[in-house]
Amino acid sequence: MSHDTSDNMPEAHDASHGAVATHGDPFADPGLPAHEPRRTDIDERAAKRAERQVSLLFIVSMLATIGFIASYVVFPIDEIVYIFPIGHVSSLNFALGLTLGVALFCIGAGAVHWARTLMSDHELPAERHPIEADDELRADVIEQFKTGAAESGFGRRKMLRNTLIGSMALVPLSGVVLLRDLGPLPEQKLAHTGWDKATPQNPIALVNMNTNKPMKAEDIIQGSLTFAKPEGLEEDAEDFQVQIAKDALMLVRIAPEDIKDNQSRELGFEGILAYSKICTHVGCPISLYEQQTHHALCPCHQSTFDLADGARVIFGPAGHPLPQLKITTDEQGYLVATGDFDEPVGPSYWERPR
Amino acid sequence: MKKLSARRRHPLAALVVLLLALAATGGLYAAFAPAEKAQADTSAQSLAIDEGKKLFAVGCSSCHGLNGQGSSDGPSLVGVGSAAVDFQVGTGRMPAQQPGAQVPRKKVIYSQTEIDQLAAFVASLGPGPVVPKEEAYTPSTDPAVAGEEISKGGELFRTNCAQCHNFAGQGGALTNGKYAPSLEGVDPKHIYEAMQTGPQNMPSFPDTTMPEEQKRQIVAFVRHTTNDEPNPGGLTLGSLGPVTEGLFGWIFGLGLLIVVAIWVAAHTTKAKKS
């Protein structure tokens with residue numbers, strides 16, 4: 001082996017060692033090293049042993065597959081066992097994973113072992129050739145192209161050429177038309193929420209998401225966070241998820257002197273502010289509310305809104321503040337909304353008014 | 001007199017003088033102190049308040065002011081109630097180690113008796129949420145009721161808590177270095193008190209918007225999901241969702257495959273020759 005190694009070194013091919021190479025390439029092509037047979041190539045017993053090892057791996061794989069099928073039948077689906085480093089796991093999952101893993105690993109290991117010990121490992125050099133065609137062929141192709149272009153009259157008959165370009169430019173439009181199959185346009189659905197029927201004469205009560213009951217203003221204390229939905233929207237309603245995705249509110253109470261935005265203070269009731277819970281970036285439910293800083297954070301892309309300042313965006317990709325609902329109390333003191341949000345909730349879209 | 005002046009430079013002389021002075025002051029105080037004050041109210045509650053006031057003066061007053069009125073270093077404690085004290089001191093958050101974005105949980109340095117005394121003193125400053133009774137936060141032991149409690153608690157947890165604390169109660173990041181801590185191994189009483197009082201930046205969930213019973217259901221769910229619930233697949237990877245799992249897959253799964261590929265390639269007869 002040491003003999004081979006010294007053969008590969010450039011100096012072995014360069015007699016004038018140390019001097020500037022003057023005759024051609026200083027790094028001589030070392031050529032292919034001599035083929036060295038493996039033990040299994042010369043020793044038939046070693047080859048037989050390797051063969052048995054590969055077969056053993058394949059047999060283990062077969063057994064593991066049988067074990068997989070057996071454990072599927074044997075282990076009950078809800079049995080939990082304790083296995084040391086992993087903890088409490090389902091015995092079925094553990095057995096299935098272990099046997100399938102062993103079965104696949106042994107096939108792979110067997111194949112690698114087979115390739116390394118028994119398959120031929122003779123070196124086969126393949127010369128590289130230039131990719132481009134030779135000059136003669138290229139000249140011929142250019143000549144044919146020119147002849148074809150002249151015979152078609154493409155350059156001469158301009159009307160043909162222009163109509164061809166026109167028809168080819170219009171064909172992709174049929175693909176655009178097929179997009180219609182994606183469904184009807186949303187129309188005004190995005191602009192309206194469950195609160196849009198609220199009027200000063202006919203207010204909609206804010207219902208607590210936890211208790212399913214309307215709330216009084218004194219129920220909302222400073223530093224608390226409450227989630228609300230419009231009265232009449234029931235959780236077992238067929239379109240509940242569609243509705244709540246637009247109607248969800250978060251209610252916070254901020255000391256009126258701490259509210260920096262006058263308009264926001266007027267929309268609220270004695271410091272109780274009702275903001276849309278839907279992030280204006282891509283519509284995640286946003287309610288990571290920090291009661292000391294009054295920041296609300298969106299867990300998806302970290303858009304941060306200052307609820308004390310009209311839900312102004314202070315960080316992150318959201319494009320505009322969270323819409324705020326105008327709330328007040330009815331004669332019994334329950335919190336009610338007297339109108340819809342003044343802008344669509346959730347992320348921007350083309351037709352969004354602002 | 002000569003004997004005394006001869007020893008006035010003795011190293012212990014200062015200590016003797018100090019002791020004499022202290023004894024004299026104490027004696028004078030005992031003699032002249034208004035007697036009716038000492039006799040006033042000896043009920044257990046007022047004793048606890050007195051003890052709490054002393055503890056407060058030593059441990060808390062440097063930030064919260066001698067009378068809990070607050071200062072530039074700490075908020076006013078008027079009206080925070082005994083539940084807040086029991087939570088903050090009982091989880092080791094207070095006294096805070098250093099000012100910063102987050103006050104983390106650490107070793108508790110007060111005994112429960114001392115915490116109760118501190119709580120009694122702070123509660124005397126103004127009305128606020130009181131430490132809940134044990135039955136308020138202890139999940140039911142009846143399996144049928146317990147199952148329903150856990151299931152309802154899960155729904156409430158996902159509505160009110162999961163956004164910050166993660167759906168499995170493992171905690172998560174907030175803004176500017178703040179974070180919602182993991183709920184693993186937290187005492188049920190402290191979970192309950194946190195919901196009542198809203199410690200640090202956590203919003204509170206008062207009984208008016210989240211009744212007592214719902215708080216108990218949430219406690220039951222948190223206890224179940226962080227302590228008892230087995231994980232059928234083994235390794236939970238922190239229950240932190242697709243990011244952790246993806247990271248694990250890329251680094252450990254693909255890393256292992258690369259290591260195996262390198263090993264296979266490095267152990268051929270070809271590789272040995274050069």
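Per chain, numbering begins at 1; letters A, B, ... match sequence-line order.
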Can you tell me how far the CZ atom of Phe205(B) sits from the CG atom of Asn210(A), to the nearest 0.5 Å? 8.0 Å

Roughly how far apart are Asn208(A) CG and Thr159(B) OG1, rounded to 0.5 Å? 10.0 Å

Between Val112(A), Val252(A), Thr304(A), Ile221(A), which has the largest tally of heavy atom pairs under 4.5 Å with chain B? Ile221(A)

Within a radius of less than 6.0 Å around NZ of Lys106(B), do more than 12 heavy atoms belonging to other residues, nucleotides or ligands occur? yes

Ignoring hydrogens, what is the shortest heavy-atom contact between Ser224(A) and Pro203(B)? Give both atom names and the distance. C-CB, 4.0 Å

Check this for me: Tyr72(A), atom OH, are more than 12 non-hydrogen atoms of other residues, nucleotides or ligands nearer than 6.0 Å? no

For Tyr179(B), does the OH atom sit with more than 12 other heavy atoms under 6.0 Å from it, leaving out its own atoms? yes

To the nearest 0.5 Å, tell me how far Ile220(A) CD1 sits from Thr208(B) OG1. 6.5 Å

Can you name the nearest heavy-atom pair linking Met202(B) to Gln291(A), along with the distance? O-NE2, 3.0 Å

Could you have a look at Ala180(B), Pro211(B), Pro206(B), Ser204(B) and say which one has the most heavy-atom pairs with chain A under 4.5 angstrom? Ser204(B)

Answer yes or no: does atom CD of Glu218(A) have more than 12 heavy-atom neighbours from other residues, nucleotides or ligands under 6.0 Å? yes

Is the CD atom of Glu148(B) crowded by more than 12 outside heavy atoms at less than 6.0 Å? no

Contact leader toward chain B among Thr117(A), Leu92(A), Val81(A), Thr211(A), where contacts are heavy-atom pairs under 4.5 Å: Thr211(A)

What distance do Asn176(B) atom CG and Thr293(A) atom OG1 have between them, rounded to the nearest 0.5 Å? 8.0 Å

Under 4.5 Å heavy-atom distance to chain A, tell me which part of Leu156(B) shows up: side chain, backbone, both or neither. side chain

Sort Ala173(B) into side chain, backbone, both or neither according to what part of it lies under 4.5 angstrom from a heavy atom of chain A. backbone

Just by modelled atom types, is the Gln292(A) backbone N or O under 3.5 Å from a matching donor or acceptor in the Asn201(B) side chain? yes

Heavy atom to heavy atom, less than 4.5 Å: which residues from residues 164-172 of chain B reach chain A? Cys164(B)

Mind checking the CD-OG1 spacing from Gln302(A) to Thr175(B)? Nearest 0.5 Å is all I need. 10.5 Å

When the 4.5 angstrom heavy-atom criterion is applied to Gln163(B) and chain A, the contacting part is both

More than 12 non-hydrogen atoms from neighbouring residues, nucleotides or ligands closer than 6.0 Å to CZ on Phe252(B), yes or no? no

Count the heavy-atom pairs under 4.5 Å between each of Asp219(A), Ile286(A), Asn93(A), Ile80(A) and chain B, then report the option with the highest count. Asp219(A)

Taking a cut-off of under 4.5 angstrom between non-hydrogen atoms, the residues of residues 275-283 of chain A near chain B are Lys277(A)

Answer with side chain, backbone, both or neither: which region of Asp207(B) has an atom nearer than 4.5 Å to a non-hydrogen atom of chain A? neither

With a cut-off of 6.0 Å (strictly less than), are more than 12 heavy atoms of other residues, nucleotides or ligands near CD1 of Ile77(A)? no

Proximal component of Leu288(A), with respect to chain B [non-hydrogen, under 4.5 Å]: both

Distance, nearest 0.5 Å, that separates CG of Leu225(A) from OG1 of Thr209(B): 8.5 Å

Among Tyr289(A), Phe227(A), Phe94(A), the residue with the most heavy-atom pairs under 4.5 Å to chain B is Phe227(A)

